Each structure stands twice: as structure tokens, then as C-alpha cells.
Amino acid sequence: MPDSHAGRIARAVDILRREYTRPIRVEELAEAAAMREPAFHKHFRAITTLSPLQFQKQLRLIEARRLMLLEGTKIAEAAHAVGYASVTQFTREYGRLFNVPPGRDIRIENAVA
């Protein structure tokens, strides 16, 4: 239902999915969802279990992993392609999400393939 909280949050999620590489302000997402920021945060987390920033970060990291493992993109290139300015920050966040740094993840995948 488009006017339900879930429908409104879905509009914000759509923006994040389409434009995950660019910095997106929470105000912009809240506006797209036709909600005030506090309500937006509450409903976004209730529906996705993540904050908008965490959601965007996961989208970026999942896409970077796909680029590296399936397309052979180098770590730094994948980091920049998904919107990271710092490869160090990318590597740190990648390790947190996937429990292994990107270089080791690539080596493991190559050994399995």
C-alpha cells in the first residue's frame, strides 16, 4: 500500500538502491517518504532493521563484493565504484560485514572456483 509506512519507506529504499554510490542525506529520504526525520528513522529501522546509513553501506559492500568476485574488479576500483573515497575505510567495513577482508575473500573464492 503506497501510503502505508511500509510503502513510504519503500520509496526511500528505492532511492537508496538506485543511487547507493552517492552521498544521500537522510532529509532527502525522509522527504521522499513524506515523513519527518524522527518518524522516518523509527519506521525505516522497524522495517529494515538497519538505519538508512547502514542500509546504504550494506548495498555498497554487497555490490563491491559482486564486482570483485564475479567480475574480477580490483579492490580499490570496486571501493571507488560503489562510492567509497577511502579504500582503508572500505576494507574495514567490508571485513565487518563479511568477517573477512576483501583480499582474503577474493583468494578464498578463487581457491574454491
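This is a predicted model, so every value here is computed, not measured. All residue numbers refer to positions in the sequence shown, counting from 1.
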Within-4.5 Å side-chain heavy-atom neighbours: Arg45 and His41: no
Any His80 side-chain heavy atom under 4.5 Å of Val87 side chain: yes
Check: Val82 and Leu61 side chains under 4.5 Å, non-hydrogen atoms: no
Arg11 side chain vs Ala32 backbone, donor-acceptor pair below 3.5 Å: yes
Glu31 CD: over 12 foreign heavy atoms closer than 6.0 Å: no
Neighbour count above 12 (heavy atom, 6.0 Å) for Arg104 CZ: no
Cluster overlap Leu59 with Leu53, hydrophobic side-chain contacts below 4.5 Å: no
Lys/Arg-Asp/Glu bridge criterion (N-O < 4.0 Å) met for Arg22, Glu28: yes
Candidate pair Phe90 and Arg60, rule side-chain contact (heavy atoms from CB on, under 4.5 Å), full reasoning: CA-CA 9 Å; Phe90 167 76; Arg60 287 178 170 184; over 6 Å; no
Student check: side-chain heavy atoms of Asp105 and Tyr94 closer than 4.5 Å: yes
Expected output: side-chain Thr21 to main-chain Gly83 donor-acceptor under 3.5 Å: no
From CA spacing to verdict: side-chain contact (heavy atoms from CB on, under 4.5 Å), Met35, Arg8: CA-CA 8 Å; Met35 294 181 177; Arg8 293 199 228 165; 3.6 Å; yes
Heavy-atom closest pair, residues Ala81 and Leu67: CB-CD1, 4.0 Å
Side chain proximity check, Tyr20 to Gln58, heavy atoms < 4.5 angstrom: no
Close side-chain approach of Ile15 to Arg18, heavy-atom, < 4.5 Å: yes
Minimum-distance pair of heavy atoms, taken over all atoms of Thr73 and Ala78: CG2-N, 3.6 Å
Plane angle bin for Phe55 and Phe44 - parallel if under 30°, tilted between 30 and 60°, otherwise perpendicular: perpendicular
